[in-house]
Structure formats: structure tokens, C-alpha cells
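None of the values given here were measured: they were computed from a predicted structure.
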4 protein chains.
Amino acid sequence: MTEEGAELRADARRNRERIIAAAAAVLAERGADAPMEEIARRAGVGVGTLYRRFPDRDALFRGVMHSLLVRLTATGRRAQAEEPDAWGALERFLRETAKLRTASLITVLRPRVVRSLQADGELGVARRAWFGLLDEMVLGAQREGAMRTDLGTGDVTLMIAVFTRRVPGLPEDLAGRSLERHLEVLLDGLRATPRRVLTSEPIHAAELEAEAMRSHHGDHQVTGSS
Amino acid sequence: MTEEGAELRADARRNRERIIAAAAAVLAERGADAPMEEIARRAGVGVGTLYRRFPDRDALFRGVMHSLLVRLTATGRRAQAEEPDAWGALERFLRETAKLRTASLITVLRPRVVRSLQADGELGVARRAWFGLLDEMVLGAQREGAMRTDLGTGDVTLMIAVFTRRVPGLPEDLAGRSLERHLEVLLDGLRATPRRVLTSEPIHAAELEAEAMRSHHGDHQVTGSS
Amino acid sequence: MTEEGAELRADARRNRERIIAAAAAVLAERGADAPMEEIARRAGVGVGTLYRRFPDRDALFRGVMHSLLVRLTATGRRAQAEEPDAWGALERFLRETAKLRTASLITVLRPRVVRSLQADGELGVARRAWFGLLDEMVLGAQREGAMRTDLGTGDVTLMIAVFTRRVPGLPEDLAGRSLERHLEVLLDGLRATPRRVLTSEPIHAAELEAEAMRSHHGDHQVTGSS
Amino acid sequence: MTEEGAELRADARRNRERIIAAAAAVLAERGADAPMEEIARRAGVGVGTLYRRFPDRDALFRGVMHSLLVRLTATGRRAQAEEPDAWGALERFLRETAKLRTASLITVLRPRVVRSLQADGELGVARRAWFGLLDEMVLGAQREGAMRTDLGTGDVTLMIAVFTRRVPGLPEDLAGRSLERHLEVLLDGLRATPRRVLTSEPIHAAELEAEAMRSHHGDHQVTGSS
DNA sequence: GATGAATGAGACTTCATTCAT
DNA sequence: TATGAATGAAGTCTCATTCAT
């Protein structure tokens, strides 16, 4: 992502945004392997332009992820402002995150982007903002006694990563319906007074940060993506 | 998969099995795009042999999925036999399914295989056996009053599909730990007396079957994969 | 190069010179394939400006070559004025030409420029001036009895073309050292009383001129370059 | 180069040779940037085949260089066997090396290959054989009193690298003629009793070896090539 | 005039799959 | 039947050059 194009010429900035929008659409539709050309075409620019703005596929993914995080954080802040308590905000925030298109995007983006989330650039900033917000909500909800306390913010983050996953091959309607339904089941599981308290160590924000920090390059871990 | 595997010469059958094992390993490790050559190498055969046994990539995937389903079903039957009630069996079954390697495999295979699950071949049979087992457990647990009744077997299937998903970029240990933890949260959410009863229509086995039936080919649906 | 450079606005002329200087540096460092953008950047101008001044890559190369020839000729004239005899001037002239940076530049430029050397523009003029100077020196040295007479000026020109060649992959120091050393060996070979008189026809200035004249365009002769 | 294909299937080996021959021809004609496709076409195979045999451009270059070195060494050994003294063998060896096609090839190959010459594979072996031969000849000639002693084998190697260079844009006949002529001048310069003894340190075989050893990757030195 | 954005052709590679040995 | 060689389509990326600002 780098620079996020602070001082781009008007036309360049316009193109940059069109590219991000197009990429978001194409990636959500066709998955992470969508050809760059298709994205370019959809944005109404040549491949060259796309590559000038985003030197490689990863840079593009980072750009899209950045824009997504910014949007999500804004959404969350609004929820926080408008809901009476932390749990309410968390619920609403998670529901918004679980919207189909967002979920698809996260699914596609995450694998290619994890290693950059920690870095210093704007992406890191956006990521920490989002993470901080989530942390506030989780801790708040736990303090209110609304949420079980054997889970850390890291747990919730990972659950989101897992939950927003779009089940492949499922048509839009079913996908949407199940996403909503399962989120509710999960929310129920998150409530205080679990039947069986977890004995393993909660995954806290810090641990996840540390982990991301450590990730090396050239690491083709199983991604489930391909 | 197709009818294969019935009357093969001993060595051919041995090859077939080595290929499936190798594919399972490679796919779990390197994701859905692992080169066929790598799989062949790992199985200790030439690509040619691989292709003689599995005419194309999808056939191979189906073969691996078949073997996985068979194993899972056996596991489930055992749980059913050994646990005192249906809920106990379901819990145990889900925990076994959530083992890391299995989860990775499902993540990788599912997208490429959904469209064939319904077909008539051995894969369909294996799939229906697995599905029937799950259905017994779910209905049983609900009848026992241990599980909430606003969920259908289809819901649970999809939850499995989602939950077994491996979070990309996460190291083995964290991945394993979170998988276990989140499963427990989910199980808690599955218990009777939900805080908020779901109002949308449960997803029943039948609906999912019907859906799969309908899926068309050439359809590059969002896969979240690739 | 073409007629350029006569009546330009002061700033335009300044730009032109900065571009030539930058190109000389970049080409000597990164070879003939250096991106135009890099050259522009180094000159502190936009690509657009570069292209306004030099319509295409060849034009730029011609410009750089022109400036090089002019400098070399001036150097040679000075040697002629200051050395007592023609051989002395020739030696000094060749040694100056063999300076590392000059050598690298010639290596890079020559292939792309040969076909234009004869043309009428300023480049041709500069080239003929340089060539005339060399001719004077060679003939003078032979008349003095200091140099073998079975070589023509064309031979010497080609030797320069070959000798100034930078050996790829060699670090600066070794490159410089060998350049100097080999020039001395060559000079020794140029001296009168060769052990074995050459029997083939000397290559005279005229023959080389004629040849250059004849070169066609679109001719991707072996360049050894690229 | 690696393996040089010891145990390749008959057809594969045949193709490998055709590819090397085609590459030698194309590279000599069109320079180092010749498209891989052209080489493949000329060899009568698909690009894929070319890439299976030589994983990348450099591997191909190494293969061609290897075959060239082997041929040159054989030639030199023959000269050594048939000529009465070391100087005679050296002369003949250099003359054969300076044959036009060989010279063009060396020009093109060398830059892309220097860094691998030292490595252990077959290329290194071939290189050391060639180098050892040259060393014998040079030392022998110096011992005989036929060659000046202020030059090391490394000097001669570098002279070859420079001298075999094809002057770009020159038609075959002129190129050939000047190559022969200049070699004679150089040989004359190599003879004993130089007019001016070189004062800088001779470049010995060892020094050149050491240097090559040291070369790092990713080093885009001025190559004069491309 | 200067700038730097946009374009698009073309090079390099990688595999899935077919086919000769 | 097994093998591994050959094919060629498809995707990524780079730059020379043109053009809007």
C-alpha cells in the first residue's frame, strides 16, 4: 500500500480508487487468483496503470485491505457511539462485519496480507486502529459481565477470521442466511456463564500481534486459499 | 473418484492409495494449487501414473475427499457406539473432525468438490453415509433436549465447513489451540436454551442436498479458495 | 542527436545537458537497458521532458555519443599540441580514451549508434572530426617510423572499439588495472618492426566509412550488446 | 547447467543438444536478449521443453558456455600435442578461439555466466580444465623465453575476453578480418622483450579465480552487455 | 514547456495435461 | 502399465512511448 497516494494528481487518485473498488468486486467474486487484467478491465484502466499504482499483486491486496479496515473501523466507532453498552456495540459490529461481501473479501485478502499487517505503513496503522477498537469492545463487554472471560481479543479476532469465511459453492442466499445464523450461535457461545470453561490460555491481542510480527517471508503456509 | 478402485491389480491399487495419501499431505501443506508433479513425486510415482489413476485434478480431489469422508464416518460410528448419548457422540465427532490436518484438508478440498458430492459415484455414497450419520446425531441430541432446536443438520454441516477452516498464516500451535477453543465456544452456542432464538428457517439436510443438486458446472463461484 | 541544441531557451538547454550527463552516468553504470525513467529521475526531470528533448532512445544515445566524441577530440587536440611527436600524441590519446568510464560508455553506446555515425547531423560532424584527428596521428606516427605500417586508421579505430570494452563482472579496480595493462601490450604490438607482418589488406579509414555508409536499418546485427 | 543430463532418456538428450545448438546460433546472431521462444522455435521444441531442460535463462547460458568450453579445451589439447613448443600451441589456441562464431558467443555468454564459472557443477569443472590448459601454455611459453614475463595467465584470460569481442554493427567479413589482424598485433605485443615493461602487478590465474569466487549475486555490474 | 499518468505489447515462467518410450 | 518428456495456454510484470494536465 505504502503512501496511500497522499499527493497524487487528481486523475491518478481517481484511478487508484476505481482500481481498489474494482479489485474488491472482482476478488470477492472470483477469488484470490483473479487475473490482474480482469481487475484492470473492470476499473477501466490498462494493466500498466494498475501496476504503476500497485507494483505487484500483494500491494494491490494491501490497498484493498486497507480500505476495508478503514471502513470497518468507522462502522465500529459508530456502533460504539450509538449503542448503550459495549456488548451491544460488539454484537452490532460483528453483524456488520459478517455481511456477505465483507466476509468474502476478508477471506480472500487475509492470507496474502497477514505478513504486512504488522508493518509500519498505513496498513499497520489501520490495522491497529481496528484492533484497538475491537479490544475496547471485548474488554468492555467482559467488564459489563455480558461476555465470558475465558476469551481474549485475539480469540475473537480469529473467530472473525474464521467466521467471515464464505462457504465455497454456496449460492448467495444460502450463504447469507447461514452467515447470519451462525453468527448468532457464536454470539450465544460468547455470552457469560459458559457451560464448560476453557482451560487453555486465552489468546490475547498481544499474542496475536507478537505472532504476526514473527511471520517470515517466503512462507507458504497452508492457506486454505491456494 | 468415479467407480475406480474395485478391480485393480494389486500394484495399481497400492499406487492409488499412495497417491491419495501423498495428495492429502501435499494439499494440506501447500494448498489447493500444489503442482501435480509434487504430489506424484511424493507418492513415488510419475505424473503419468497419477493421471492414469485420476484423469484430472478434480478426480484426484474427489478421491481424497472420498477417503476422508469414509474415515470420518467410521470415526463417528465409533463415537456413537461408545458414547452414552447422542450429544456426547456429536461433541466427540465434531472434536475429531476439528483436528488440524482434517480441517486443512476440508478447507482445501471442499471448494473443488462440492459440485460432485451429489453425483452418484462412490463419492456420493460416502457423502450420504456421512451426512446420514450427522443427521442421526443432531436429531438425537435435539430429542434429548441437549441441543437447541432452531438449527438443522444443514446448519451444522455448514458450521463444520466454516469452522474447520484453517486460518491462513497462523503457525501450527496457535492454529490448533484456536481450533479447539472456538469449537468449544460453538458447542456452547449449540446447547439448548439459546438466549435469542433464531427466526430464520433452519437449514435442513434436504435443503442442502437440493442445493448441491442444482449447482452448475463452469461456475466459478466465490470460493474463498484460490 | 539531430540538429538539436542550437537555439533553445536557457532552461531547456540546461535540461538537455543534465539529461546527457545523467544518461552517461546511468548507461555506464547499468548498461544499455537502463530504463528511461531512471535516466530522467537522475537528471531531475520528468520522462516527458526527456522525450521532448530526445524523441526516442536512439536519439538520446546519439546525444550522449556526440558529447563524448567532442570531448575526446578536444583531448586529442591537446595531446597533439603538447606532445613532441605523433606517436607520443597517439599513445596519450589512446590512454585517455581507455579511461574506465569512457570505455564503459563506448561499449554501451557504440552498438546503438553505429548506423547513425555517418549521417549528416552533428553527430556525423563530430565523428568525422574525431576520425580525422586519429588519422593524422596514425599517419604521422607511421611517417615517423614509430608505428608499424601494415595497419590502417580503420584498424586502430576497431581496436579501440574492442579494447575499450569493459569486461563484464569485473570489479572496478581489476577492470581499471587490466585496461591499462592491456593497452600497453597493444601499444607494444603497434610499434614498428612487427615480428610477423600482416598480409591481409590494412583497414583504412575510407573502408570503414564506406562500410558504415552501407549499414541498413532494422538490422539487428550481432551486437554482443544487449 | 547442472547435471549435464547424464541419464536422460534418448529423446530428451537429443532435444537438449538441439536446444544448446539453437541457443548458440541465436545468441550469436541476435545477442543476449534473444527471446526464449525464438530459441525454442529454432530448436524445434516448445518453450516448455526449453524450460524443463534449463529452468531459466542463466541455466541455458551456462549450458551453452559449458559446451563451448569443452570444445575449446579439446582444441587446445590438440594444439599442445601437435605443436613443437608452448608458444606455438598458445598462438594456435588463441587463433582458434578468435574464430568469429566462438568470439561472438563468448561475448554474449560471458556476462551472464561469470558468476557461475567458479561454482562446483560441471561448468566449474570445464572452466578449470580450460583455465589449467591456458596456464600450462602461458607458463611454458614464458619458460621458453618466447613470451614476456610481466603478464600472468589472468592477463591473458582477460585479453581473450576483450579481444574475442565482436564489434557490433560490423559485417561478417570485416569482423573476421579485423579479428585476425588484431590478434596478430596482440601476439606481437605478447612476445618477449617488451619496449616498456609493465610495472603494475601481473594478473595471475589465482587472482582471477579469487575474484570470481567473491562475486555476489544480484550484482548488476556494468556489463556492456544489454 | 514540463510533468508524470496511462497505455499495451511482449518477455518470462509455470503448470495441467497429453503422449512417446 | 509406468514413466517422465513435450506442449502450450495463461498469468505476471516491465518499459518504451504517448498524452492529458
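Between C:Leu60 and C:Ala23, the shortest heavy-atom distance links the atoms CD1-CB, 4.0 Å. The minimum heavy-atom distance linking C:Ile20 with C:Ser67 is given by the pair CG2-OG, 3.9 Å. Across every non-hydrogen atom of D:Leu27 and D:Val108, the tightest pair is O-CG2, 3.6 Å. Contact detail for A:Arg53 and A:Pro55: the closest heavy-atom pair is O-CD, 3.8 Å. The minimum heavy-atom distance linking A:Ile19 with A:Ala43 is given by the pair CA-CB, 3.8 Å. Nearest heavy atom pair, residue C:Phe61 against residue C:Leu109, reads CD2-CD2, 3.7 Å.
In this entry the distance linking CD of A:Glu38 with C1' of F:dT12 reads 15 Å, nearest Å. Distance A:Leu50 CG to E:dA5 P: 15 Å, rounded to the nearest Å. In this structure, the CD1 atom of B:Ile39 is 17 Å from the P atom of F:dG4, given to the nearest Å. To the nearest angstrom, P of F:dA6 lies 11 Å from CZ of D:Phe54. In this structure, CZ of A:Arg41 is placed 17 Å from C1' of E:dA6, rounded to the nearest angstrom. The distance from atom CZ of D:Arg13 to atom C1' of F:dG4 is 16 Å, rounded to the nearest whole Å. For D:Asn15 and E:dT21, the CG to P distance is 11 Å, given to the nearest whole Å. The distance from atom CZ of B:Arg16 to atom C1' of F:dA2 is 17 Å, rounded to the nearest whole Å.
Screening D:Arg16, D:Arg62, D:Met36 against D:Phe54 for a side-chain contact (heavy atoms from CB on, under 4.5 Å) leaves a single residue, D:Arg16.
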Does the protein touch nucleotides 11-18 of chain E at the base, only the backbone, or not at all? Give it as B, S and - per nucleotide, heavy atoms under 4.0 Å. SSBB-SBB
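Counting only Watson-Crick and G-U wobble pairs whose two distances sit under 3.5 Å, DNA chain E takes part in these stems of three or more pairs: E:2-21 with F:2-21.
Listed pair D:Arg53 / F:dA6 meets the phosphate criterion, a side-chain N or O lying under 4.0 Å from OP1 or OP2. In this model, the phosphate group of E:dT3 is approached by a side-chain N or O of C:Thr49 to a distance below 4.0 Å at OP1 or OP2.
C:Glu29 has its side chain within reach of C:Arg42: a pair of non-hydrogen atoms, C-beta onward, lies under 4.5 Å apart.
Remark: side-chain polar atoms of C:Arg112 are not paired, donor with acceptor, to backbone N or O of C:Asp58 under 3.5 angstrom.
A residue-by-residue look at B:Val45 and D:Gly44 shows that B:Val45 has its nearest nucleotide of DNA chain F further toward the 5' end.
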